Amino acid sequence: TGFITLDNGFVNTGSCTSAVTFLNGEKGILRYRGYPIEQLAEKSNFLEVSWLLYYGELPTKAQLENFEKKVASFNKLPEGLETIISTFPKTAHPMGVLSSATAALSAYYQDHLGPNPTDNDKEELFAQLLGQVKLIVARSYRNSQGLDPIESDSSLSYSKDFLNMMFGEADDEVAKALDVLLILHADHEQNCSASTVRVVGSSHANIFATISGGIDALWGQLHGGANQAVLEMLEEIKNAGGDAEKALEKAKDKEDPFKLMGFGHRVYKNFDPRAKIIKVQCDKVLEKLNVNDPLLTIAKGLEKQALEDEYFVKRKLYPNVDFYSGIIYKALGIPTNMFTAMFVLGRLPGWMSQWKELREDPAAKICRPRQIYTGATERNYKDLGER
Ligand code: CMC
């Protein structure tokens, strides 16, 4: 079968060509379509960034307004799906609800199940999913709290509408902070969930199944699930008296599977530019909301200790995007088990842009890696009685 190269975890394998996101891990550079993440976080907004990722250029004023209207027009879920969400147990993990409900959209939009969506179909689906996944997340929260759903309000910005559907109110500055978080999460080249989207999409599965696969990949705590795990880790440290030393020792112990959550990254080996922006945002949000969260003090102490520790220095382990995001979500009143669903809201335009690029790439093939076989050589079947 020829020569096969083994690359566990695809550390050094380029799986595609892409013009969406540029990342330089040594220098801590992240750009969407050439625009530095720092500029986008400061000046843009989430729907504009979504457009940029998908179409490759910043939208004109008219294009952006049309797009905002289009996304806002998807302000309802099919009735049957509302019922499904409302019958999940209140204790259900929001990522399970989100993944199931996204896949379930396929039952209601069967015109979009064909293997070869047109450009128009793809554009429609992009706006539809941006609108409806937001509804699913908010509905799932309201159900978990035993509360009635709140209708989407198309006069509000994307982030403000989301907060309003969650809590029945939304402050401008808080919505802005959420918007920045979504921008920072919007794409990250060939990460685990984007690669999953590409793998599933490469079989020409429909978009609902494809995005549902991305959501599932994001759920794991080595990936998007880290934001929930970070907060649980910080709570644990707080409950044990606030001493971070034990967590650090546990993370360094090779016999112990525990890792310092929110630390380390496959590609960033200097710093994560998103974490830098989030740290500033975190201080701002807590000040604005007048929240004095001891977890922030613990997180800052833990970061300082880790950055001075030989184990972390030697392995170039720095805080990643998830280290501080949970503290902001918590201040916004979002329950810990919903943090990864917030990541989904942010990452959705990235997944859709990667899917579009894949489906329009004439060189794209079905993803079908090989293996190095290490099992038994040929042997003969033994009847039951002879074993
Ligand atoms: N705590 C303790 N040790 C660590 C950590 C950590 N958080 N991260 C990496 N290491 C060690 C690892 O044990 C290995 O040590 P050694 O060389 O002695 O075997 C070395 O550092 C290199 O790590 P690796 O596991 O080979 O690195 P990777 O690129 O396969 O994994 C990672 C990257 C992000 C999965 C990993 O750093 C990790 O598990 N971090 C904690 C979970 C986390 O915060 N994930 C969020 C990532 S950013 C957002 C996202 O992707 O969604």
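Scope of the values below: all heavy atoms of this structure, side chains included, with no hydrogens, waters or symmetry mates. Ligands are counted one by one from 1 in listed order, and the atoms in each one are counted from 1 as well. This one's a predicted model, so the numbers in the text were calculated from it and none came from an experiment.
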Option set K254, K250, H223, criterion heavy-atom distance to atom 14 (C) of ligand 1, minimum: K254
Best match, S193, A306, A226, G225: closest heavy atom to atom 43 (C) of ligand 1: A226
Closest approach of any protein heavy atom to atom 5 (C) of ligand 1, naming residue and atom: L317 CD1, 3.8 Å
Short side-chain donor-acceptor distance under 3.5 Å, Y268 and E26: no
K252 near ligand 1 by a heavy-atom separation under 4.0 Å: no
Donor-acceptor pair between H188 and T21 side chains, under 3.5 angstrom: no
Side-chain donor or acceptor of D272 paired with backbone N/O of V321 under 3.5 Å: yes
D272 contact mode with ligand 1 (heavy-atom cut-off under 4.0 Å): neither
Within-cut-off N or O pair, Y311 and ligand 1, under 3.5 Å: yes
Distance-only N or O hit between ligand 1 and L222, under 3.5 Å: yes
Heavy-atom nearest neighbour in the protein, as seen from atom 21 (O) of ligand 1, with distance rounded to 0.1 Å: R315 CD, 3.3 Å
Parallel, tilted or perpendicular, as decided by the 30° and 60° cut-offs, for the rings of F339 and Y329: tilted
Mode of F323 contact toward ligand 1 - side chain, backbone, both, neither (heavy atoms, under 4.0 Å): neither
Shortest protein contact, atom 49 (C) of ligand 1 (heavy atom only): D322 OD2, 3.3 Å
Pair Q132, Y109: side-chain N/O donor-acceptor within cut-off below 3.5 Å: yes
Test item, F343 contacting ligand 1 (heavy atom, 4.0 angstrom): yes
D171 vs K160, salt bridge (Lys or Arg N to Asp or Glu O under 4.0 Å): CA-CA, chis, key distance, verdict: CA-CA 8 Å; D171 171 272; K160 208 168 168 185; over 6 Å; no
Flag: protein heavy atom within less than 4.0 Å of atom 24 (P) of ligand 1: no
Between W219 and S99: side-chain donor-acceptor atoms closer than 3.5 Å: no
Under 3.5 Å side-chain donor-acceptor pair for D121 and T118: yes
Any N191 heavy atom less than 4.0 Å from ligand 1: no
Per-pair distances, 0.1 Å, donor-acceptor, side chain in residues 200-208, under 3.5 Å, sequence neighbours excluded:
residue: S202; atom: OG; partner: V199; partner atom: O; Å: 2.8
residue: S202; atom: OG; partner: C367; partner atom: N; Å: 2.8
residue: S203; atom: OG; partner: V200; partner atom: O; Å: 2.9
residue: S203; atom: OG; partner: A205; partner atom: N; Å: 3.4
residue: H204; atom: ND1; partner: R359; partner atom: NH2; Å: 3.4
residue: H204; atom: NE2; partner: R359; partner atom: NH2; Å: 3.3
residue: N206; atom: OD1; partner: F208; partner atom: N; Å: 3.0
residue: N206; atom: OD1; partner: A209; partner atom: N; Å: 2.9

Sub-4.0 Å protein heavy atom next to atom 45 (N) of ligand 1: yes
Test item, G224 contacting ligand 1 (heavy atom, 4.0 angstrom): yes
Sub-4.0 Å protein heavy atom next to atom 19 (O) of ligand 1: yes
Nearest-contact summary for atom 41 (C) of ligand 1 - protein heavy atom, Å: F263 O, 3.3 Å
Non-hydrogen protein atom less than 4.0 angstrom from atom 30 (O) of ligand 1: yes
Distance-only polar pair, side chains of Q190 and Q354, donor-acceptor under 3.5 Å: yes
Identity and distance of the protein heavy atom lying nearest atom 34 (C) of ligand 1: G264 O, 3.6 Å
Closest protein heavy atom to atom 28 (P) of ligand 1, given as residue, atom name and distance to 0.1 Å: R266 NE, 3.6 Å
Plane angle bin for Y158 and F46 - parallel if under 30°, tilted between 30 and 60°, otherwise perpendicular: tilted
Ligand-side contact atoms (ligand 1) for residue partner G262, heavy atom cut-off under 4.0 Å: 43 (C), 44 (O)
K276 atom NZ, over 12 foreign heavy atoms within 6.0 Å: no
Nitrogen or oxygen atoms of V321 and ligand 1 under 3.5 Å apart: no
G264 backbone acceptor or donor facing N320 side chain under 3.5 Å: yes
Main-chain N/O of G262 paired with D322 side-chain donor or acceptor, under 3.5 Å: no
Enumerated ligand 1 atoms positioned under 4.0 Å from heavy atoms of A251: 2 (C)
Which of the ligand 1 atoms, numbered from 1, are nearer than 4.0 Å to a heavy atom of H265: 34 (C), 37 (O), 48 (S)
N/O donor-acceptor pair under 3.5 Å between T102 side chain and L98 backbone: yes
Protein contact of atom 36 (C) of ligand 1 - nearest heavy atom, named by residue and atom, plus distance: K259 NZ, 4.2 Å
Per atom 1 (N) of ligand 1, closest listed option by heavy atom (V267, N320, L260): L260
